[in-house]
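All remarks here apply to the structure that follows.
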2 protein chains.
Amino acid sequence: MSPRPKVGLELTEILEAAAELADQFGMQEVTLANLAKKLGIRPPSLYNHFDGLGGLRKKMAIYGIDRLYEVLAQAAIGVSGDEAMLTISKAYVDFARKHPGVYEATLMAPDMEDEDVQHAGSKVVDLIVRVLQAYRLEGDTAIHAVRGLRSILHGFSSLEQSGGFKMAVDLNESLEIIIKAFTHGMREN
Amino acid sequence: MSPRPKVGLELTEILEAAAELADQFGMQEVTLANLAKKLGIRPPSLYNHFDGLGGLRKKMAIYGIDRLYEVLAQAAIGVSGDEAMLTISKAYVDFARKHPGVYEATLMAPDMEDEDVQHAGSKVVDLIVRVLQAYRLEGDTAIHAVRGLRSILHGFSSLEQSGGFKMAVDLNESLEIIIKAFTHGMREN
DNA sequence: TTGATAAAACTAATATTATTAGTTAAAATA
DNA sequence: TATTTTAACTAATAATATTAGTTTTATCAA
């Protein structure tokens, strides 16, 4: 009757192996063949843990978003306002730098509209909403601000990861200035 | 001696077919098999035109960036300052909306550091640099500003495309407010 | 006009993938 | 102890990209 207690670490181990593959070689190398080899099992055996490659990508997306959330939540402890904006922004970009494959996985779910993926993502969004509440933005402005911050952080990380920023100018400084400009501008208008 | 005059439209036709596939079904459906079927030829024949799937992705990336540049250049005609910022931002997002697959291809080159890809991208960057010159930013600030604008535009388009914005609040309004906040903030600080 | 050349298609074959179906060994539960 | 579930397995299939070598066709030069 009771749904058989899970072995527990099994799926997590698989996801961690997949995350390692992703961070080392990129998501395009996260194949069932490579993952199975790393785990010492045969590719079909993986179907006992998730529903094929699409299922793996979905689970990796959620895993990645959850890990990103943890990092952001830690960064948001004990800070508020401009300081919080900067702190979580740095934490976000830092996460993408340290875990490029996991960050990449964050956006590679076969269906981003999927309920579970959305649920994981909403935790991150809610965190940003709470940080922005310090600015007491009126009406829809808070939503616009959340969208803006997410766009900046994702765009910045994504462009940095794909080598989009070529100039020899410090990237951390760029991020800081961009965030400060945005928050300042959102407060004014 | 003279390198046989090209048929001319051949490669462009192929890229347009690939772009259609990408826009209709997404980049993951742009396979050599699907592309060949659409063109009425056999997959290996495509190797006469580019170097495998990687070569196609690279050519599609450049093709997409070039088309994006054209749209932005058109949008930048006869405007300057805040108006130009808003106009090209809208044009950028509009392009990503109308050509989701081509925009996706823009970031799917096997090696974004590739010289040809960089060259195509630098035209877009230069265009943004010119628009930002109206603000007479000092020193590295111009570079930070370019990075910020690109982050916003790419992040916004990317998140919108992958269904990242769930709230029922007008997306165009969001973009406008975000851009205005950012430009205003860059001028102040 | 004819012959050489090069482009661009083709067939055939191979290596990797993901995937499905059905099977088996081991562990946990009742 | 008997049963059930988990999680591995083998075998087989379909789709993919890719390589090698061949053939057709159009263009250019003589």
Side-chain angles (χ1 to χ4, degrees), chain A residues 1-22 24-63 101 104-105 108-111 114, chain B residues 1-22 24-63 101 104-105 108-111 114:
Chain A
M1 183 64 85
S2 59
R4 183 63 52 83
K6 281 299 303 299
V7 176
L9 288 193
E10 204 47 68
L11 182 63
T12 302
E13 272 174 37
I14 295 178
L15 287 178
E16 279 165 3
E20 245 182 78
L21 276 182
Q24 281 181 30
F25 310 110
M27 275 299 286
Q28 85 287 349
E29 290 299 313
V30 180
T31 63
L32 297 188
N34 284 339
L35 180 55
K37 189 175 298 174
K38 190 179 176 85
L39 291 166
I41 60 176
R42 303 305 180 108
S45 307
L46 291 169
Y47 284 77
N48 289 310
H49 299 280
F50 44 77
D51 189 14
L53 186 63
L56 172 62
R57 294 214 174 115
K58 172 180 161 177
K59 285 206 185 320
M60 286 185 75
I62 295 170
Y63 171 85
E104 198 184 349
M108 281 195 62
D111 175 18
D114 177 277
Chain B
M1 183 65 86
S2 61
R4 185 60 52 84
K6 281 297 305 297
V7 177
L9 288 192
E10 204 47 69
L11 182 64
T12 302
E13 273 172 34
I14 295 178
L15 287 178
E16 279 165 3
E20 245 181 78
L21 275 182
Q24 281 181 30
F25 310 111
M27 274 298 286
Q28 85 285 352
E29 289 300 314
V30 180
T31 63
L32 297 188
N34 284 338
L35 180 56
K37 189 174 296 173
K38 189 179 177 84
L39 291 166
I41 60 177
R42 302 307 179 110
S45 307
L46 291 169
Y47 284 77
N48 290 311
H49 300 280
F50 44 77
D51 189 15
L53 187 62
L56 172 63
R57 294 215 174 115
K58 173 181 160 177
K59 286 206 184 320
M60 287 184 76
I62 295 170
Y63 171 85
E104 198 183 351
M108 280 196 63
D111 175 18
D114 177 277

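Because the structure is predicted, anything quoted here is derived from the model rather than measured. First the proteins, then the strands, lettered A, B, ... as listed; each starts at 1.
Surrounding CG of B/D51 are at most 12 heavy atoms belonging to other residues, nucleotides or ligands under 6.0 Å away.
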How would nucleotides 9-18 of chain C be written as a contact map, 5' to 3', with B for base contact, S for sugar-phosphate-only contact and - for no contact, using protein heavy atoms under 4.0 Å?
BBBB----SS
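Residues A/L56 and A/V30 form a side-chain contact, since some pair of their non-hydrogen atoms from C-beta on lies under 4.5 Å apart. The side-chain heavy atoms of A/I62 and A/K59, taken from C-beta on, include no pair separated by under 4.5 Å.
When rounded to the nearest whole Å, the span between CG of B/L11 and C1' of C/dA7 equals 14 Å. We find that CD of B/E13 is positioned 11 Å from P of C/dA8, with the value rounded to whole Å.
Under the salt bridge (Lys or Arg N to Asp or Glu O under 4.0 Å) test applied with B/K38, the options B/E20, B/E13, B/E16 reduce to a single match, B/E20.
Nearest heavy atoms, B/P43 versus B/A33: CG-CA, 4.1 Å.
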